[in-house]
A.B. asks: 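I have a structure here, written as structure tokens, and I will follow up with some questions on it.
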Amino acid sequence: MTIIDAHHHVWDLAVRDQEWITGPELAPIRRTFTLEDLTPDARAAGVRATVLVQTVTVAEETPEFLALADSHDLVAGVVGWTDLTAPDIADTLAALRELPGGDRLVGIRHQVQGEPDPQWLLRPDVLRGLAAVASAGLVYDLVVLPCQLPAAAGAAARLPELTFVLDHLGKPPIASKEMEPWAADVRALAARPNTVCKLSGMVTEAAWSTWTTPDLIPYADTVLDAFGPGRLMFGSDWPVCRLAAGYAEVVAAARALTHRLADGERRAVFETTASRVYALRERDL
């Protein structure tokens, strides 16, 4: 079975700082990570294509990622960043499409998890920006904390024309083994047909040094039941995952968490959901 890794990052500290990488706990990833670093591990795991996802709220990063995708056969899609609240967001999205690699732009993301207002996604200016994302034929990646899931569900209800992709299961508290209210809120989000979820980011929500695959099962089973394999996609969250696990370990855990699925369902999680949702072109796969 071949794999599409629907969620990973790269960054070059010589180009710009990643201000979120602070403190001794994050020291292992406070260095430059490139596509050349990722490629051997990805290819060894059977990955044939990836989706490169934004890391910082800096406008210059998205054109850089599009150029990377244009010059590297591993990256089939880019989820970039732009200011959702800007009055000219539609023009900005159109301009990104005209850049080298602009045809690889598949989605937009903002660090909603860093917004102090749990209702940020429901602000009128944000909803207007999200509508522009939909009009541009793009999807919207949700990186939210559990307390922001209700607002995400509300935004999905207000914008049925936009596909929302939930990153990292909505960051459930795996380390503390708590399920509620995360589970109820993620099911409410999944009840909206225009939502999808990434089976990603679990190892860094678990206890980094002691996690085991059984620790992840209740959370993976919850989203498998809520979204179904046809609305679930695998993502490594490399290199952030390296805080708790190597690339091969993350892939192995995802395989173990889905081993009871039928072959076609597993293929959906590891390949076809990402290809369909992000409209990845066959020539890039």
Side-chain angles (χ1 to χ4, degrees), residues 4-9 49-55 57 61-62 65-66 69 75-85 89-90 92-97 99 101-113 120-122 126-144 148-149 151-170 186 189-201 223 226-237 268-282 284-285:
I4 294 175
D5 181 348
H7 195 106
H8 75 88
H9 310 283
T50 70
V51 175
L52 173 59
V53 179
Q54 66 91 217
T55 61
T57 54
E61 183 187 65
T62 302
F65 281 5
L66 294 174
V75 180
V78 170
V79 174
W81 179 86
T82 193
D83 183 359
L84 288 174
T85 67
I89 181 174
T92 300
L93 294 174
L96 288 170
R97 281 272 177 73
L99 295 174
D103 57 347
R104 309 289 179 93
L105 184 67
V106 297
I108 295 297
R109 188 177 86 151
H110 175 74
Q111 258 81 357
V112 179
Q113 64 182 358
W120 186 86
L121 283 162
L122 297 177
V126 174
L127 289 170
R128 186 189 60 81
L130 290 171
V133 172
S135 295
L138 302 171
V139 308
Y140 185 73
D141 267 45
L142 288 162
V143 56
V144 295
Q148 296 166 322
L149 284 169
R158 286 163 174 78
L159 295 164
E161 70 275 20
L162 178 61
T163 296
F164 290 81
V165 178
L166 179 64
D167 294 348
H168 314 329
L169 287 70
V186 87
L189 178 66
R192 309 306 310 180
N194 56 322
T195 62
V196 180
C197 181
K198 287 183 182 176
L199 196 67
S200 64
V223 295
F227 290 92
R231 290 196 289 143
L232 202 64
M233 63 177 85
F234 165 75
S236 68
D237 198 28
V269 173
F270 284 99
E271 183 178 11
T272 56
T273 300
S275 179
R276 183 189 76 253
V277 169
Y278 285 125
L280 303 180
R281 298 168 305 166
E282 188 59 35
D284 291 328
L285 300 177

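In what follows, residues are counted from 1 in the order of the sequence shown.
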A.B. asks: CD of E61 to CD of Q54: how many Å apart, nearest 0.5 Å?
C.D. replies: 6.0 Å
A.B. asks: For the residue pair D5 and G235, what are the closest heavy atoms and their distance?
C.D. replies: OD1-CA, 3.5 Å
A.B. asks: Decide yes or no for D237 and H9: does some side-chain heavy atom of the first lie under 4.5 Å from some side-chain heavy atom of the second?
C.D. replies: yes
A.B. asks: Assess, by modelled atom type and distance only, whether the side chains of N194 and Y140 contain a donor and an acceptor separated by less than 3.5 Å.
C.D. replies: no
A.B. asks: Short question: side chain of Q148, backbone of V112 - any donor-acceptor pair under 3.5 Å?
C.D. replies: yes
A.B. asks: Of the non-hydrogen atoms in R231 and A190, which two are nearest, and what is the gap between them?
C.D. replies: NH2-O, 2.9 Å
A.B. asks: Hey, does R158 have a side-chain heavy atom less than 4.5 Å from the side chain of L122?
C.D. replies: yes
A.B. asks: What are the two closest non-hydrogen atoms of L138 and L162, and how far apart are they?
C.D. replies: O-CD1, 3.4 Å
A.B. asks: Do R192 and F164 have side chains that approach each other closer than 4.5 Å (heavy atoms only, starting at C-beta)?
C.D. replies: no
A.B. asks: Quick one: does L127's side chain get under 4.5 Å of L159's, heavy atoms only?
C.D. replies: yes
A.B. asks: Nearest heavy-atom pair of V75 and L52: which atoms, and what distance?
C.D. replies: CG1-CB, 3.9 Å
A.B. asks: Side-chain contact test, heavy atoms from C-beta onward, threshold under 4.5 Å: evaluate it for L130 versus L84 and give yes or no.
C.D. replies: yes
A.B. asks: Does the side chain of V143 reach to within under 4.5 Å of the side chain of V53, using non-hydrogen atoms?
C.D. replies: no
A.B. asks: Between L166 and V223, does the side-chain contact (heavy atoms from CB on, under 4.5 Å) criterion hold? Intermediate values first, please.
C.D. replies: CA-CA 10 Å; L166 179 64; V223 295; 5.8 Å; no
A.B. asks: To the nearest 0.5 Å, how far apart are CG in D141 and CG in D167?
C.D. replies: 4.0 Å
A.B. asks: With Y278, which of I4, V51, T273 fulfils side chain to side chain contact (heavy atoms under 4.5 Å, CB included)?
C.D. replies: V51
A.B. asks: Measure across A268 and P229 and return the closest heavy-atom pair with its distance rounded to 0.1 Å.
C.D. replies: CB-O, 3.5 Å
A.B. asks: So, do L121 and V144 sit near enough that their side-chain heavy atoms are less than 4.5 Å apart?
C.D. replies: yes
A.B. asks: Nearest 0.5 Å, what's the OG1-CD1 distance between T62 and I108?
C.D. replies: 6.0 Å
A.B. asks: Can you sort out the partners of T57 under side-chain contact (heavy atoms from CB on, under 4.5 Å), two or more places apart, ordered by chain and number?
C.D. replies: W81, H110, Q111
A.B. asks: Using modelled atom types and a 3.5 Å cut-off, is there a donor and acceptor pairing between side-chain atoms of R97 and backbone atoms of A136?
C.D. replies: yes
A.B. asks: Quick check: closest heavy atoms across T82 and L93, and the distance to 0.1 Å?
C.D. replies: CG2-CD2, 3.9 Å
A.B. asks: Check whether any side-chain heavy atom of I89 sits under 4.5 Å from a side-chain heavy atom of R128, and report yes or no.
C.D. replies: yes
A.B. asks: Calculate, to the nearest 0.5 Å, the distance between atoms CG and OG1 belonging to L142 and T195 respectively.
C.D. replies: 9.0 Å
A.B. asks: I'd like to check the side-chain contact (heavy atoms from CB on, under 4.5 Å) partners of S200; sequence neighbours left out, ordered by chain and number.
C.D. replies: H168, K198
A.B. asks: Going by the side chain to side chain contact (heavy atoms under 4.5 Å, CB included) test, name the single residue among V106, T272, T163 that passes it with V277.
C.D. replies: T163
